[in-house]
Amino acid sequence: MFKTAIKTPNFFRTFSSLPNLTSCITSLQLSAHQANLQQGKKLHSYMLVNGFLTSPIAITSLINMYSKCNLISHAFSVFNSSPSQPNVFAYNAIIAGFIFNDMLKPALQVYEKMRLAGVTMDKFTFPCVVKAFSGCENFLGLKKVHGLVFKLGLDHDLFVGSAVVHGYLKFELMADAHQVFDEMPDRDVVLWNAMINGYAQIGEFGNALDCLQKLRADGNAPSRFTMTGTLSVLTLKGDLYNGKAIHGLVAKMGYLSGIAVCNALIDMYGKCKCFLDALDIFEVMEVKDIYSWNSIIGVHQQSGDHEGTLKLFDRMLRDKVFCPDLVTFTTVLPACAHLAALRHGKEIHASMITKGLGKDDGEDRVGDTYINNAIMDMYGKCGCMREARLVFDHMSSKDSASWNIMIMGYAMHGFGNDALNLFHKMCEVNLTPDEVTFVGVLSACNHSGLVKEGEEFLSQMKSKYKVSPTVEHYTCVIDMFGRAGLLNQAYGLLSEMPIEANSVVWRAFLAACRLHGDANLAEIAARRVIDLEPEHCGSYVLMSNVYGTLGRYEEVSDVRLNMRQQNVKKTPGCSWIEFGNGVHVFGTGDRTHLDEDLIYSELNSLYMSMGLCHMT
DNA sequence: GTAGGGTTAG
């Protein structure tokens, strides 16, 4: 009968004889390593049938196999079905398993059970437990565990020590971390990496780079992790020179095969504005991951290439190798907002809902607020204030950026009162308005002609809200006076404001002078603008318009001549419309569109209906 | 039989 039970299935043909406990353990380790669940399950049933599960070693190996195959429920069942009280190996394996599957709290519950059961902990227990406490942001727990580690004399173990250093650094407690680090009898590359990352996190880049020097001086070979850590430091510093040096070192050490290392290089080159170098790394990579995609999309976004950003996003969707995630969406949405690419924006919103990102379920997940802010901003910039408001109203956790985005959206589209109402509500929920809020509030007053309110807000900013007005705030108010035809008030504020006026303020004022046909003030403004920014075409155009309106054509040609002498070129304006699968761009007199004939014949019939001249 | 680092957005 026993013979039938162990009848050799295909799977076991790889074994020269029927597997015993030892060979099962070896195979389980391999299954765990390869995350080969199918093979692991076969071994499990074979071991069950053959009575191997009485062995504590089998229990530990099975827990580990299921954990590494992301089937933590099975791992926990095996742990609980342990025939005797689980030993320290089984406890360590299940704690590590929960952590591997991002379940920190259950890991700590098992740790608590282990403590109560009086199972003696060893050097394998603590790296996991320390990680769980710091991951749960439980500082007291971390402190207590550190005390226990010390009591048990495990504080000099490299694995335990580097976990503790890492834990303290998570709380940005460099002094505590440094003390543990200093007391370690030996230091390896992992421990040094923790210090490099810790210094990077608190912005002490010089110290981070010192650690890299010392690590090498100590005779350690930098690892791939050292490279990513160092590159993140250089990226934050914007240090292209040393970034290139690290790129050289990466190549020399053969780390260009590492995905994360290449991703860090892409990011470094992108942030240092070497967009082509970033692209080179990306295209040469044989294996990519979601970071690579996201990073290269980010590079396009940073370079201001919004069309390129959307094209890459489309490529990602078409290739179907990687699914866009929270980071992808947050990177792509500003491009949609910029191009007013509503279709793409809506598609992203739909995918977000399908994936449960930014969900209104009371859970305060990191990233949800940001992505909802990005969605709102996109809707706002596309002119869909109702949709933006719906997102806003359903957000379970709003930060001040959320309020600022809505206020600004209302302001830009002329809903001044909605903007101000929201501002008052923001104050009611005890959020402190900041500089950005007031740019929104003052823009709202500006675009809706709420002159009295605008004036009052500017005077209250400092006194009531403790926010010092910047040049941007003055620009809003000066622009507001100007649009309302109150040129003298605008000029008065321009002359009296405590901050030096820049070309933007003067240009806004110049535009107002043009609008209301005041050539004298326009001349003063134009002189200042041209002084401050001689290469900007806008002021020449405005000035020549002022003279044109007043019929002073000689002066118009003077301005044009001046413009030519300064070698200023006017960038032609354009309009665009999103239609079908693409964005269609049109310039003045532009005849390059493929459907030119159709478009112009439609345009002509529209002109005819409006009673306007026929276009040629 | 069980354990410690990394890279992307805002």
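By convention in this document, chain letters (A, B, ...) are assigned in the order of the sequence lines, proteins followed by strands, and residues within each chain are numbered from 1.
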Just to be sure I understand the rule, does Leu158(A) reach a base, reach only the sugar-phosphate, or reach nothing, if contact means heavy atoms closer than 4.0 Å?
base

Is Asn373(A) touching bases, backbone alone, or none of the nucleic acid, heavy atoms closer than 4.0 Å?
nothing

What is the separation between atom NE2 on His166(A) and atom P on dG4(B), rounded to the nearest whole Å?
11 Å

Check this for me: does the side-chain of Ser162(A) come within 3.5 Å of the base of dG4(B) through a donor and an acceptor?
yes

Just by distance, no angles: are the side chains of Asn373(A) and Ser402(A) close enough, under 3.5 Å, to form a donor-acceptor pair?
yes

Salt bridge Asp210(A)-Lys214(A), side-chain N to carboxylate O under 4.0 Å:
no

Determine if Phe225(A) stacks with dG6(B); use a centre-to-centre distance below 5.5 Å and an interplanar angle below 30° as the criteria.
no

Are any side-chain N or O atoms of Asp368(A) and backbone N or O atoms of Gly358(A), one a donor and one an acceptor, separated by less than 3.5 Å?
yes

Under 3.5 Å donor-acceptor pairs involving side-chain atoms of residues 160-170 of chain A, not counting sequence neighbours:
{"from": "Ser162(A)", "atom 1": "OG", "to": "Leu158(A)", "atom 2": "O", "distance (Å)": "2.9"}
{"from": "Ser162(A)", "atom 1": "OG", "to": "Phe159(A)", "atom 2": "O", "distance (Å)": "3.4"}
{"from": "Tyr168(A)", "atom 1": "OH", "to": "His146(A)", "atom 2": "ND1", "distance (Å)": "2.7"}

Under 4.0 Å, counting only non-hydrogen atoms across every strand here, what does Ser223(A) touch: a base, just sugar-phosphate, or nothing?
base

At 4.0 Å (heavy atoms only), tell me whether Asp325(A) reaches a base, stays on the sugar-phosphate, or touches nothing.
nothing

Rounded distance (Å) that lies between atom P of dG4(B) and atom CZ of Phe124(A)
10 Å

Would you indicate what Ala96(A) reaches in the nucleic acid, counting non-hydrogen atoms under 4.0 angstrom: base, sugar-phosphate, or nothing?
sugar-phosphate

Check every strand shown and say whether Pro56(A) touches a base, only sugar-phosphate, or nothing at a heavy-atom separation below 4.0 Å.
base

Length of the CG-C1' vector between Asp122(A) and dT2(B), whole Å
8 Å

Counting any heavy atom closer than 4.0 Å, what does Lys131(A) reach on the DNA or RNA strands: base, sugar-phosphate only, or nothing?
sugar-phosphate

Would you say the side chain of Asp188(A) and the base of dG4(B) hold a donor-acceptor pair, judged only by whether the two atoms sit under 3.5 Å apart?
yes

Which is true for Gln301(A) with a 4.0 Å heavy-atom rule: it touches a base, it touches only sugar-phosphate, or it touches nothing?
nothing

Have a look at Lys68(A) and say if it touches a base, only the backbone sugar-phosphate, or nothing, with a 4.0 Å heavy-atom cut-off.
sugar-phosphate

Over all strands shown, is Thr330(A) touching base, sugar-phosphate only, or nothing at heavy-atom distances under 4.0 angstrom?
base

Take the angle between the ring planes of His338(A) and His306(A) and call it parallel below 30°, perpendicular above 60°, tilted in between.
parallel

Taking any heavy-atom pair under 4.0 Å as a contact, classify Val261(A): base, sugar-phosphate, or nothing.
base

With heavy atoms under 4.0 Å as the rule, sort Lys288(A) into base, sugar-phosphate or nothing.
nothing

